Asker: 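Supplied in C-alpha cells, the structure appears directly below.
Predicted, not measured: the structure shown is a model, and the values here were computed from it. One-based numbering, in listed order, for ligands and for the atoms of each.
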Amino acid sequence: MIASPTPGNLVRASGILKRGGLVAFPTETVYGLGADASNPAAVAKIFSAKGRPQDHPVIVHLADISLLDAWAVEIPRAARLLAARFWPGPLTLILRRAPGINDAVTGGQDTIGLRVPLHPVAQQLLRNFGAGIAAPSANRFGRVSPTTAQHVEDEFGGSIELVLDGGACEVGIESTIVDLSRGRAVLLRPGRIGMADIAAVLGEPVESAVSEKTIGAVPRAPGMLEVHYAPATPLSVVRSGDLLRVIAAGDVVLAFSPAPDGVPAGQWIAASRDAARFAHDLYANLRQLDRLGCARIVVEAPPAEEQWVAVNDRLRRAAAGSA
Ligand code: TXA
Ligand code: MG
C-alpha cells in the first residue's frame, strides 16, 4: 500500500522492519525494497519478492558515515575520502565486510556494499529504525528500477505492505558503485557520480570493470549482467542519423526531438538533451512505452560523452536481451 511519509507512517515502517517485514522507500536514486539487514529471514523475503537469485549481494543503507566501521574492516583511505565527499548521496562503496555480518546481505562474499542515501524519507526511516537497511531496487529481478511509489506498486501488484511515497526520485538511475576491496578503486556501475568525479577526489585514475560481464561464476554486481534494467518490449538503440529510416509502424520512440510529421510511430516521447534530466525521466519513460505493448521501443542514442556514460550503460543493458 502506498503511504505518505508522515511521522506515523515512518514509525509504522520501522515497526514492520523490526518484525522482519519489507518496506519500500524512496532514495534519491531509485526506490529500494528494504529489510532489516541483520535479520537473514527478512533479507530472504527481499529475494523471494524480487525473484532474485539468493547469491546476489544487496546494498546495506546506513543513516550516516559514523556507522561505516560497524559494517566494514580494513577500510582504505580512499573509502574515507569518497564517503566524506559524496555521502549522503548516490554512491555505493564495496568494502571488506566486518565479522558477524550475515551471508544473506553479502551473498556469501567477503565484501559488503554500503551506502548512505540523501533522500529525506530514507534518512528519516534509517534514523527511526536505528540500524542498517538492506535494500536492492524495488523491482522484479532484471527489470527497470522504480522511480515512483506507483512504479513499486505496479511491480509487485500491491503485495508490499508499505510503500513510502517520496515523490519522483531526483537522480532516477541507480547509485555509482566503486569497489575498494581490491586495494585500488574499481568502478562496478556508473551513475550520477562519474569516474572523473571519483578520480578527482582520489587524486588518481580509476579503473572500470563495467565492460566485464561477470567475474567468475557469480556476478560481482547483478547490474553487470548483460541483460538488466530491461522493459518487456524489445528495445533498440539507434544512431540519430538512422532514426527516421528504421522506425516501422507500431514502434514507439524515445528521441531528442519531437516527432516529424508522417512518422509511423505509435507513440513518441521527446526527451531532454540534458543528461541529468534524461536520467531522471528514463525509467518512467521506458515504463510508459513498455505499457503500450508495442512491437519495439526505439531509442535515439545519446552522445558518447562522459556525462552520458551511466545512461548509455543502462540503455545498452536494456537493449541486450532484444537482439
Ligand atoms: O541506487 C541504488 O544503489 C539502489 C538504491 C535502492 O540504493 N539500490 C540498488 O540495489 O540499485 P540493487 O541490488 O538493485 O543493485 C545493487 C548492486 C548489485 O548489482 C549488487 O550486486 C551490488 O550492488 N553489490 C552489493 N553488494 C556487493 C558486494 N559485496 N560486492 C559486489 N557488488 C555488490
Ligand atoms: Mg536493481
Side-chain angles (χ1 to χ4, degrees), residues 22-35 37 43 46-47 49-62 71-72 86-98 101-119 121-123 125-126 132-147 151-152 155 164 166 169-182 186-193 209-210 212-216 218-225 227-230 279 283 310 313-314 317-318:
L22 302 183
V23 171
F25 63 97
T27 81
E28 69 279 16
T29 56
V30 300
Y31 276 69
L33 184 59
V43 176
I46 300 178
F47 288 87
K50 280 184 64 99
R52 187 188 211 193
Q54 299 281 345
D55 57 356
H56 284 206
V58 287
I59 296 172
V60 175
H61 297 71
L62 305 174
W71 291 85
F86 296 116
W87 282 357
L91 176 70
T92 297
L93 299 178
I94 307 298
L95 297 166
R96 303 196 72 78
R97 70 163 169 179
I101 299 208
N102 74 71
D103 280 345
V105 291
T106 64
Q109 303 193 41
D110 56 2
T111 55
I112 180 136
L114 298 170
R115 170 160 121 77
V116 176
L118 177 63
H119 196 291
V121 175
Q123 275 287 333
L125 180 64
L126 284 161
I133 300 178
S137 52
N139 53 277
R140 293 195 183 266
F141 183 63
R143 293 295 170 192
V144 176
S145 295
T147 55
H151 293 166
V152 180
E155 281 290 314
L164 289 170
C169 300
E170 194 233 308
V171 176
I173 55 172
E174 306 78 1
S175 61
T176 303
I177 303 181
V178 179
D179 185 354
L180 294 163
S181 70
R182 320 188 207 178
V186 182
L187 181 79
L188 297 187
R189 182 172 71 184
R192 159 76 71 86
I193 297 168
V210 174
E212 285 173 23
K213 291 175 189 163
T214 55
I215 297 167
V218 177
R220 293 202 52 109
M224 296 168 75
L225 293 173
V227 185
H228 210 73
Y229 314 112
Y283 291 152
D313 169 78
R314 301 310 189 276
R317 290 169 203 283

Asker: Do any of the N, O or S atoms of Ser137 sit under 2.8 Å from the Mg ion (ligand 2)?
Answerer: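 It does; at least one qualifying atom falls short of 2.8 Å.
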Asker: For ligand 1, is there an atom lying under 4.0 Å from some heavy atom of His56?
Answerer: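 False for this residue.
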Asker: Pairing donors with acceptors under 3.5 angstrom, does anything connect the side chains of Thr29 and Ser175?
Answerer: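 No.
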Asker: Checking contacts here: is it the side chain or the backbone of Thr111 that comes within 4.0 Å of ligand 1, counting heavy atoms only? Could be both or neither.
Answerer: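 Under 4.0 Å from ligand 1, Thr111 contributes backbone and side-chain atoms.
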Asker: Parallel, tilted or perpendicular, judged at 30° and 60°: which one describes the rings of His56 and Phe141?
Answerer: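 Ring orientation of His56 relative to Phe141: perpendicular.
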Asker: Using a 4.0 Å cut-off to any heavy atom of Glu174, which atoms of ligand 1 qualify?
Answerer: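 Close to Glu174: 1 (O), 11 (O).
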Asker: Compare Pro146, Ser137, Gly191 and give the one whose heavy atom is closest to atom 9 (C) of ligand 1.
Answerer: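 Comparing heavy atoms across Pro146, Ser137, Gly191, the nearest one to atom 9 (C) of ligand 1 lies in Ser137.
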Asker: Within the 4.0 Å heavy-atom shell around Gly113, which atoms of ligand 1 are there?
Answerer: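 Going through ligand 1 atom by atom, the ones under 4.0 Å from Gly113 are 26 (N), 29 (N).
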Asker: Closer than 4.0 Å to some heavy atom of His61 - which atoms of ligand 1 meet that?
Answerer: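 Taking each heavy atom of His61 in turn, ligand 1 has 5 (C), 6 (C), 7 (O) under 4.0 Å.
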Asker: Would you say Arg189 has any N or O atom under 3.5 Å from an N or O of ligand 1, going by distance alone?
Answerer: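 Min N/O separation from ligand 1 is below 3.5 Å for Arg189.
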Asker: Apply side-chain contact (heavy atoms from CB on, under 4.5 Å) to the pair Leu114 and Trp87, showing each step before the final yes or no.
Answerer: CA-CA 11 Å; Leu114 298 170; Trp87 282 357; 4.1 Å; yes
Asker: Can a donor-acceptor pair be found, under 3.5 Å and without considering hydrogens, that links the side chain of Glu28 to the backbone of Val171?
Answerer: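 No; judged by distance alone, with no hydrogens or angles, the pair does not exist.
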Asker: Can you figure out which of Val60, Ile59, Ile112 has its heavy atom closest to atom 16 (C) of ligand 1?
Answerer: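 Residue with the shortest heavy-atom distance to the ligand atom: Ile59.
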Asker: What I want to check is whether the side chains of Glu174 and Ser137 have a donor and an acceptor closer together than 3.5 Å.
Answerer: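 Short answer, no.
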Asker: Relative to the heavy atoms of Ser175, which atoms of ligand 1 are at a distance of less than 4.0 Å?
Answerer: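 Those of ligand 1 that fall under 4.0 Å from Ser175 are 1 (O), 2 (C), 3 (O).
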Asker: Can you tell me if Arg140 uses its side chain to pair, donor with acceptor, with the backbone of Lys50 under 3.5 Å?
Answerer: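 No; judged by distance alone, with no hydrogens or angles, the pair does not exist.
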Asker: What about Lys50: any of its N or O atoms under 3.5 Å from an N or O on ligand 1?
Answerer: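 By distance alone, the answer is no.
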Asker: With distance as the sole test, does Asp103 use its side chain to make a donor-acceptor pair with the main-chain N or O of Gly107 at under 3.5 Å?
Answerer: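 Not at all, since once roles are kept as given, no pair shorter than 3.5 Å links the two residues.
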Asker: If you count the atoms of ligand 1 from 1 in the order shown, which ones are under 4.0 Å from a heavy atom of Thr29?
Answerer: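 Ligand 1 atoms under the 4.0 Å threshold to Thr29: 1 (O), 2 (C), 4 (C), 5 (C).
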Asker: Could you see which bit of Arg97 sits under 4.0 Å from ligand 1, with heavy atoms only: side chain, backbone, both or neither?
Answerer: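 Neither; nothing of Arg97 gets under 4.0 Å from ligand 1.
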Asker: Check for a donor-acceptor pair, side chain of Arg97 on one end and backbone N or O of Ile101 on the other, with a separation under 3.5 Å.
Answerer: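 Side chain of Arg97 to backbone of Ile101: a pair is present.
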Asker: Can you tell me how far the OG1 atom of Thr111 sits from the CG atom of Leu180, to the nearest 0.5 Å?
Answerer: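 So the gap between those two atoms works out to 11.0 Å.
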Asker: Any non-hydrogen atom of Ile177 lying under 4.0 Å from ligand 1?
Answerer: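 Within the 4.0 Å threshold, so yes.
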Asker: Which one holds for Arg52 and ligand 1: side chain close, backbone close, both close, or neither close, with close meaning a heavy atom under 4.0 Å?
Answerer: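 For Arg52, the contact with ligand 1 is made by the side chain alone.
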Asker: Using distance alone, decide if ligand 1 has a nitrogen or oxygen within less than 3.5 Å of any nitrogen or oxygen in Arg115.
Answerer: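 For ligand 1, there is an N or O atom that lies under 3.5 Å from one belonging to Arg115.
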